Amino acid sequence: MVKIKVTFPDGAIKEFDKGITTEAIAKTISTSLAKKAVAGNFNDQLIDYQQGLVEDGTLKIITKDSPEGLQVLWQTGAILLASALSELYPKMHFGEGKTTEHGFYFDTDNVDGQVAETEFEKISQKMKEFVKANMTIEYKVLSEQEALKAIDGDPYRMELVKKIAAENNGQVAVHVLGNFVDVSSGAKLAATKGVKIFQLLSVAGAYWKGVSSNPMLQRVYGTSFFKQKDLEAELKRRQEARERDHRVIGNDLDLFFVDPKVGAGLPYWMPKGATIRRTIERYIIDKEVSRGYEHVYTPILANLDLYKQSGHWDHYREDMFPPMDMGDGEMLELRPMNCPSHIQIYNRHIRSYRDLPLRIAELGMMHRYEKSGALTGLSRVREMTLNDGHTFVTPDQIEEEFKQTLQLMVSVYSDFDITDYRFRLSYRDPKNTHKYFDDDEMWEKSQKMLKAAMDDLGLDYYEAEGEAAFYGPKLDVQTKTALGGEETLSTIQLDFLLPEKFDLHYIGADGEEHRPVMIHRGIVSTMERFTAYLTEMYKGAFPTWLAPQQVTVIPVKNDLHLGYCEQLRDRLVANGVRVNIDERNEKMGYKVRQAQVNKIPYILVVGDKEVAEKGVSVRRYGQDNSKEVKIEDFVNEILADISSYSREVK
RNA sequence: GCCACUUUAGCUCAGCAGGUAGAGCACCACCAUGGUAAGGUGGGGGUCACCGGUUCAAAUCCGGUAAGUGGCUCCA
């Protein structure tokens with residue numbers, strides 16, 4: 001018998017007969033391990049529990065309680081779903097089934113009408129039947145011919161089989177459950193019994209292979225766990241994510257709305273949302289001015305020629321509103337970006353090397369024609385105001401300015417207590433270069449420069465091809481929305497192109513003309529997206545400095561205490577605090593509840609005792625106790641709170 | 001833009017084997033009301049998204065348009 005050598009995570013090496021399964025090996029280690037185990041990780045690849053090992057390698061036994069164990073369960077959930085579907089809808093075709101961050105999906109295409117959520121009951125029932133019957137899931141390696149026969153004319157799986165066969169000497173590994181043959185890879189449990197606890201979640205369209213020119217399949221999402229309480233926790237997590245959604249909170253707290261009569265993606269800011277936005281705007285302008293930025297205002301409309309010169313008309317037209325034909329030959333365009341506007345400011349004067357870095361900033365309103373399906377609340381809109389800035393530097397100032405910009409960003413993030421983000425270096429797509437400005441040398445140079453600066457700063461990042469702006473590579477700061485989507489919040493971009501296009505120059509120490517480099521940057525993103533992000537991060541309970549209403553004053557009895565409340569209010573207003581008296585004819589318990597529901601940071605209750613002692617009874621949002629303090633002390637407390645921004649960890 | 005679903009009072013939603021609308025909250029009025037999460041009674045409010053079709057009759061069935069939701073594609 002031929003032997004193979006298997007290395008274990010602890011470094012031990014043992015010999016086994018060739019063809020031995022992970023299951024058999026687990027049993028040699030301990031019966032309790034064999035009980036918990038569901039699969040193996042052999043040479044960094046998940047394999048079935050009963051798949052034979054035919055070569056030397058390292059093996060990790062995968063147990064139920066590991067993340068990889070869940071992957072195996074979800075793979076099994078996917079094939080169970082597909083198998084149940086193929087029995088219910090015999091004409092259905094199948095794409096790939098995969099795992100996601102929180103479960104699994106399978107892509108389907110039904111000629112008699114796509115599956116809808118209304119059929120989940122029926123589908124779940126069929127899946128439960130399969131679980132109850134504890135059907136075996138067989139791992140097989142077939143020839144291309146056998147595999148094609150097994151999938152019986154399904155065009156999508158046929159494509160997969162041909163591709164896999166071409167890559168594996170004509171061999172195709174498949175899993176078979178009932179009548180269904182799954183050609184998508186991934187280790188699975190040996191039988192359906194393990195997928196006892198599952199839930200179908202939603203359906204959504206998805207292009208075959210993620211290519212928009214391909215047909216659209218129906219993707220059915222589900223999730224599964226080994227324990228009921230884990231499923232319940234996951235469903236609760238999903239529910240809480242929905243409650244955190246800025247669209248829900250924005251509606252409940254009356255922050256903003258979008259009116260179909262006015263147009264999709266054109267948000268209205270209600271007084272409370274506008275207060276939050278104004279606070280952010282004042283904050284960031286002050287911060288930038290203190291860092292040497294010069295804030296300007298420029299028109300949101302410009303002659304189309306400006307965007308022809310900048311290259312936007314060539315490379316960004318899809319995202320632009322169509323130009324307005326003024327009838328006399330003039331074409332006006334709603335600007336999609338502010339860079340050309342700031343270039344005009346640079347060009348207004350002859351610039352000396354002594355002027356650089358020149359930092360131009362603006363809360364610049366822009367319009368982009370986003371596709372209807374992309375619009376989402378405040379985070380994806382067609383009219384937006386970007387915290388935009390462009391620094392014009394000499395080539396040898398690039399690195400220093402990049403680092404300073406990054407420092408500014410980190411400082412702002414700290415003020416807002418934003419901690420959950422990743423840096424992404426966004427390069428052009430080398431296979432699709434026509435989307436970008438055509439200058440290989442420029443791209444090579446600037447991409448290398450960005451990477452070197454990040455390495456020099458010792459910051460963690462990941463690299464992504466195809467994410468660059470058309471004019472240059474970017475450092476993006478990626479964050480997550482409540483519902484799990486990834487979004488760019490901040491961005492710093494190097495640009496050698498626009499200075500060329502607009503023939504920018506500065507006079508150097510040598511008295512000659514030189515070409516400056518531009519750094520585009522957005523720190524707090526657009527007001528729309530940033531407000532959406534903060535709303536979700538704070539769950540609508542904005543820290544005091546941002547809260548639309550910071551204090552509510554509740555008199556115990558209007559007739560006796562209203563006068564004192566007014567004095568108190570005036571004192572706070574004089575200190576710039578946003579405060580209201582709740583003098584409605586209601587019980588105070590009712591008013592306290594209203595204040596809590598509206599997530600107002602401070603509730604001040606005032607009765608005889610407070611009047612007598614020139615004090616207030618203070619209750620913080622989310623707490624169920626209150627404390628008595630002098631007015632003086634409360635004013636100091638809230639002012640300290642406001643000036644600390646969001647930094648205090650609650 | 002694409003696939004599926006959804007659209008009923010300011011908000012959240014019920015009603016629907018076709019017979020011209022209901023609840024809770026909010027709002028208004030009156031009564032009650034002194035201590036930290038909802039006092040009572042009454043009232044106003046809807047061309048059932050919009051356009052068309054089927055029918056004696058459409059919120060309900062069918063088609064179209066718009067907007068929204070879940071995703072995909074694309075991006076701050």
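For clarity, every value in this text was computed on a predicted model and none was experimentally measured. Order of the sequence lines fixes the chain letters, A, B, ..., with proteins taken first and strands second; residue numbering starts at 1 for each chain.
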Results of salt bridge (Lys or Arg N to Asp or Glu O under 4.0 Å) for A:Lys209 - residues two or more places apart only: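 Only A:Glu159 meet the salt bridge (Lys or Arg N to Asp or Glu O under 4.0 Å) criterion with A:Lys209.
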Check salt bridge (Lys or Arg N to Asp or Glu O under 4.0 Å) between A:Arg428 and all other residues, then give those that pass, not counting sequence neighbours.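 A:Arg428: salt bridge (Lys or Arg N to Asp or Glu O under 4.0 Å) contacts with A:Asp440.
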To the nearest angstrom, how far is [X] atom [atom1] from [N] atom [atom2]?
| X | N | atom1 | atom2 | value |
| --- | --- | --- | --- | --- |
| A:Lys591 | B:U33 | NZ | C1' | 10 Å |
| A:Asn251 | B:C13 | CG | C1' | 14 Å |
| A:Leu253 | B:C11 | CG | C1' | 13 Å |
| A:Lys261 | B:G10 | NZ | C1' | 13 Å |

On the six-membered ring of [Y], is [X] placed so that its NZ or CZ lies under 6.0 angstrom from the centre and within 45° of the ring axis?
| X | Y | result |
| --- | --- | --- |
| A:Arg422 | A:Tyr462 | yes |
| A:Arg424 | A:Tyr461 | no |
| A:Arg521 | A:Tyr293 | yes |

Stem segments of RNA chain B by first residue number [Watson-Crick or G-U, under 3.5 Å, at least 3]: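 Stem list for RNA chain B: B:1-7 with B:66-72, B:10-13 with B:22-25, B:27-31 with B:39-43, B:49-53 with B:61-65.
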Test ring-ring contact (aromatic ring centres under 6.0 Å, His included) applied to A:Tyr436 - qualifying residues, sequence neighbours left out: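 So A:Tyr436 forms a ring-ring contact (aromatic ring centres under 6.0 Å, His included) with A:Trp443.
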Where is the tightest heavy-atom contact between A:Asn598 and A:Lys272, given as atom of each residue plus distance?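 Residues A:Asn598 and A:Lys272, closest heavy atoms: OD1-NZ, 4.0 Å.
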Expressed in whole Å, how much space separates the [atom1] atoms belonging to [N] and [M]?
| N | M | atom1 | value |
| --- | --- | --- | --- |
| B:U60 | B:G22 | C1' | 15 Å |
| B:A14 | B:G1 | P | 28 Å |
| B:U41 | B:U33 | C1' | 15 Å |
| B:U6 | B:C16 | P | 16 Å |
| B:C30 | B:A66 | C1' | 44 Å |
| B:U8 | B:U47 | C1' | 12 Å |
| B:C74 | B:U12 | P | 32 Å |
| B:C27 | B:G64 | P | 42 Å |

Using a 4.0 Å heavy-atom cut-off to protein, can you give one letter per nucleotide of nucleotides 59-76 of chain B, 5' to 3': B if the base is in contact, S if only the sugar-phosphate is, - if neither? --------SSSBBBSBBB
For each nucleotide in nucleotides 34-49 of chain B, reading 5' to 3', give B when a protein heavy atom comes within less than 4.0 Å of its base, S when such contact involves only the sugar-phosphate, and - otherwise. BBBBBS----------
Tell me what A:Arg584 touches on the nucleic acid: a base, only sugar-phosphate, or nothing, going by heavy atoms under 4.0 Å.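 Sugar-phosphate contact only - A:Arg584 comes under 4.0 Å of backbone atoms but never of a base.
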Classify the ring geometry of A:Phe423 against A:Tyr421: parallel below 30°, tilted from 30° to 60°, perpendicular beyond 60°.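 A:Phe423 vs A:Tyr421 ring planes: perpendicular.
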Can you say whether the rings of A:Phe470 and A:His315 are parallel (under 30°), tilted (30 to 60°) or perpendicular (over 60°)?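 A:Phe470 vs A:His315 ring planes: parallel.
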A:Phe416 vs A:Tyr283, ring pair (Phe, Tyr, Trp, His ring centres under 6.0 Å): CA-CA, chis, key distance, verdict: CA-CA 11 Å; A:Phe416 283 94; A:Tyr283 162 86; 5.2 Å; yes
Of the options A:Arg529, A:Glu370, A:Arg247, which is the one that meets A:Thr376 in a side chain to side chain contact (heavy atoms under 4.5 Å, CB included)?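 So the option named by the test is A:Arg247.
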